[in-house]
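The structure appears below as structure tokens.
Since this is a predicted model, take the numbers as computed values, not measurements.
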Amino acid sequence: MSFPVDVVVMAAGKGTRMKSSKPKVLHRLGGRALAQHVIDTAAGVSARSVVVITGHGAQVVEAGLMAQAGTALKYVRQEPQLGTGHAVQQALPALGDDGVTLVLSGDVPLTQGATLQALLDACGGERLALLTLAMSDPTGYGRIVRDAGGVVKAIVEQKDATPEQRAIHEIYSGIMAVPTRLLRGWLARLDNKNAQGEFYLTDVVKFAVADGASVVAHQITDAVQVAGVNSPVQLAELERAYQLRGAQALMEQGVRLADPARLDVRGLLTCGVDVEIDVNVVFEGRVSLGDGVRVGANCVIANATVGAGAVIHPFTHIDGEKLGASVGAGALIGPFARLRPGAQLGAEVHIGNFVEVKNATLADGAKANHLTYIGDASIGERVNVGAGTITANYDGANKHRTVIEADVHIGSNSVLVAPVTIGAGGTVGAGSVISKDTPPGSLAVARGRPVVIPNWSRPVKKKP
């Protein structure tokens, strides 16, 4: 484009039909606020700046949104809210006359970047361009009024429309691109002499026509792109549309989904080749699945990396939060396992049912297959942790670390009281409470009084 673009996002409305104390534009779709979707899309058309008009819950809205790299994010207040035209009037001081103003709605989250680019191309830096849609039921929307030659002459709001105008099926989406130097003069001529007593932004169309300026419409057929959110029902409908769009994109990349209607991605999901995802899986934050990963039904995976060939069995919960979590290549996790922040699992690690891992490293081949808590620990290669074992890492005031060196076997129902180190190749007898370091290769048994047998030889499994 040969002209700069400044985006205005209208986000001042209260949204009374949402029946929520939260500002409407902060309700989440796919893990992001509605208005954040709009801001992110604006960055995709190389906007010079994004001006967000806030009003209801202004401080909360401004704190809940963030700019994309390379785009300046500004806020202006509309207090009181006197209509869409009044809203854009508040943004004028932040707009440069050398560019085009692209007006978007903060509660219309799914407009595609390509659609906005086509609208800007239609504007060309000289024309008033409107994004329109033909609807079978246009009730509630402003109608596009054209003359006999098909030239746009006006937008008439539902409450101000005549019966003939209400029969028109082409509606205005609320999105327009307009040269800022022209917009400034048209906004100065607005009045509120209408059924709602508001300053309508749509009145700039009749001013443009009166001034002999060119008005064009870019009509699309995808209603989802211009659908707004005014109620919990509409939010849920758009959530499903958003998720289905994402699921289709994943399948086009080669991901095999058991049912695309039963997948939720509430963040950024990247997948390698030959990835399989069963039903009712939720991904949050940033998640990466390596080649050949299989994810079972009813899992939640957030802020995590899963290595190639790993299997996440059903009902597993992984959430790395800020620290992140990683699962090594070929690992087997679950079912009913939980990985918490700081869980770092090596290749071929096994974490079984009702095992919880937090802020712990498990080296290649380590196993904890049943009913175990591993927290604040470093587990060596090929360690086997028996059922019912816990690392007692908290003394009531501070967290301490447990170190289990390579090739150790921990018997069932053991408690390792940190800080403690179990030496390489050693064994902890079942039911033991170990609170002191044990030397490599030893057998430690503690049922009341600790007994440590150095240089103990573990029984060797007989070959069949």
Side-chain angles (χ1 to χ4, degrees), residues 8-18 24-25 51 53-56 76-93 95 101-108 119 127-135 137-147 151-180 182-217 219 226-231 234:
V8 170
V9 179
M10 293 193 286
K14 185 176 182 179
T16 54
R17 281 195 286 160
M18 292 298 294
K24 178 172 66 171
V25 296
V51 182
I53 304 167
T54 60
H56 174 70
V76 297
R77 300 279 178 90
Q78 184 194 19
E79 295 174 337
Q81 287 85 58
L82 301 178
T84 54
H86 177 255
V88 179
Q89 285 174 342
Q90 313 314 302
L92 278 178
L95 304 175
T101 296
L102 177 62
V103 179
L104 306 176
S105 296
D107 63 350
V108 179
L119 184 68
R127 295 173 289 277
L128 169 56
L130 309 172
L131 186 64
T132 70
L133 176 77
M135 299 185 70
D137 181 9
T139 302
Y141 291 91
R143 307 304 203 275
I144 300 295
V145 179
R146 298 174 181 263
D147 65 14
V151 177
V152 175
K153 290 298 182 181
I155 300 174
V156 181
E157 297 295 340
Q158 169 86 18
K159 291 185 178 181
D160 300 297
T162 66
E164 292 78 13
Q165 290 168 337
R166 291 186 182 187
I168 297 171
H169 289 274
E170 186 181 12
I171 62 95
Y172 170 56
S173 67
I175 297 173
M176 68 169 61
V178 53
T180 307
L182 300 178
L183 177 64
R184 195 176 300 277
W186 295 334
L187 288 176
R189 292 154 62 180
L190 293 180
D191 62 50
N192 62 349
K193 297 175 183 178
N194 51 62
Q196 297 189 82
E198 295 183 349
F199 296 90
Y200 293 157
L201 177 62
T202 50
D203 282 349
V204 302
V205 175
K206 67 182 182 183
F207 298 143
V209 172
D211 291 350
S214 177
V215 180
V216 297
Q219 187 176 122
V226 297
V229 174
N230 292 300
S231 70
Q234 292 175 334

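Here the CD1-CD distance, from Ile144 to Gln165, works out to 11.5 Å after rounding to the nearest 0.5 Å. Rounding to the nearest 0.5 angstrom, the gap separating the CD1 atom in Ile171 from the CD atom in Gln219 is 9.0 Å. Distance check, rounded to the nearest 0.5 Å: CG of Leu182 to CG of Asp211 gives 8.5 Å. In this structure, the separation between CZ on Arg189 and NZ on Lys206 is 10.0 Å, given to the nearest 0.5 Å.
The two residues Tyr172 and Leu130 make their nearest non-hydrogen contact at CE1-CD2, 4.0 Å. Of all the heavy atoms in Ser105 and Gly174, the pair that sits closest is OG-O, 4.0 Å. Taking each heavy atom of Asp191 and Asp203 in turn, the nearest pair found is O-OD2, 4.3 Å. The minimum heavy-atom distance linking Gln234 with Val229 is given by the pair OE1-C, 3.6 Å. Heavy atoms only, all atoms of each residue included: Ala217 and Thr132 are closest at CB-CG2, 3.8 Å. Residues Pro138 and Ile168 come closest through the heavy atom pair CG-O, 3.4 Å.
Between the Arg184 side chain and the Leu95 main chain, a donor and an acceptor come within less than 3.5 Å of each other. A donor-acceptor contact shorter than 3.5 Å is absent between the side chain of Asp107 and the backbone of Gly228. Side-chain atoms of Arg143 do not come within 3.5 Å of backbone N or O of Gln158 as any donor-acceptor pair.
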Would you please test Leu190 and Phe207 for side chain to side chain contact (heavy atoms under 4.5 Å, CB included) and show each step?
CA-CA 9 Å; Leu190 293 180; Phe207 298 143; 3.7 Å; yes
Report the C-alpha separation of Asp137 and Met135 in whole Å, then their side-chain angles, then the decisive distance to 0.1 Å, and conclude whether the side chain to side chain contact (heavy atoms under 4.5 Å, CB included) test is met.
CA-CA 5 Å; Asp137 181 9; Met135 299 185 70; 5.9 Å; no
Just do the side chain to side chain contact (heavy atoms under 4.5 Å, CB included) check on Ile155 and Tyr200 with the steps written out, would you?
CA-CA 10 Å; Ile155 300 174; Tyr200 293 157; over 6 Å; no
For Val204 and Leu128, run side chain to side chain contact (heavy atoms under 4.5 Å, CB included): C-alpha distance rounded to whole Å, both residues' side-chain angles, the deciding distance at 0.1 Å, then the answer.
CA-CA 9 Å; Val204 302; Leu128 169 56; 4.2 Å; yes
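Considering only heavy atoms from C-beta on, Ser173 stays 4.5 Å or farther from Leu133 through its side chain. Taking the side chain as every heavy atom from C-beta outward, Leu119 and Leu102 approach each other to under 4.5 Å. Side chains of Thr54 and Arg77 form a contact here, defined as non-hydrogen atoms less than 4.5 Å apart. The side-chain heavy atoms of Val178 and Trp186, taken from C-beta on, include a pair separated by under 4.5 Å. Using a 4.5 Å heavy-atom cutoff, the side chains of Lys14 and Lys24 are not in contact. Between Val152 and Arg146, some side-chain heavy-atom pair lies under the 4.5 Å cut-off. In this structure the side chain of Asn194 never reaches within 4.5 angstrom of the side chain of Lys159, judged on heavy atoms.
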Side-chain donor-acceptor pairs under 3.5 Å in residues 84-92, sequence neighbours left out?
unit_1, atom_1, unit_2, atom_2, d
Thr84, OG1, Leu201, N, 2.9
His86, ND1, Gln78, NE2, 3.0
His86, NE2, Gln90, NE2, 3.2
Gln89, NE2, Leu187, O, 2.9
Gln90, NE2, His86, O, 2.7

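Using modelled atom types, one finds no donor on one side chain facing an acceptor on the other under 3.5 Å when comparing Gln196 with Glu157.
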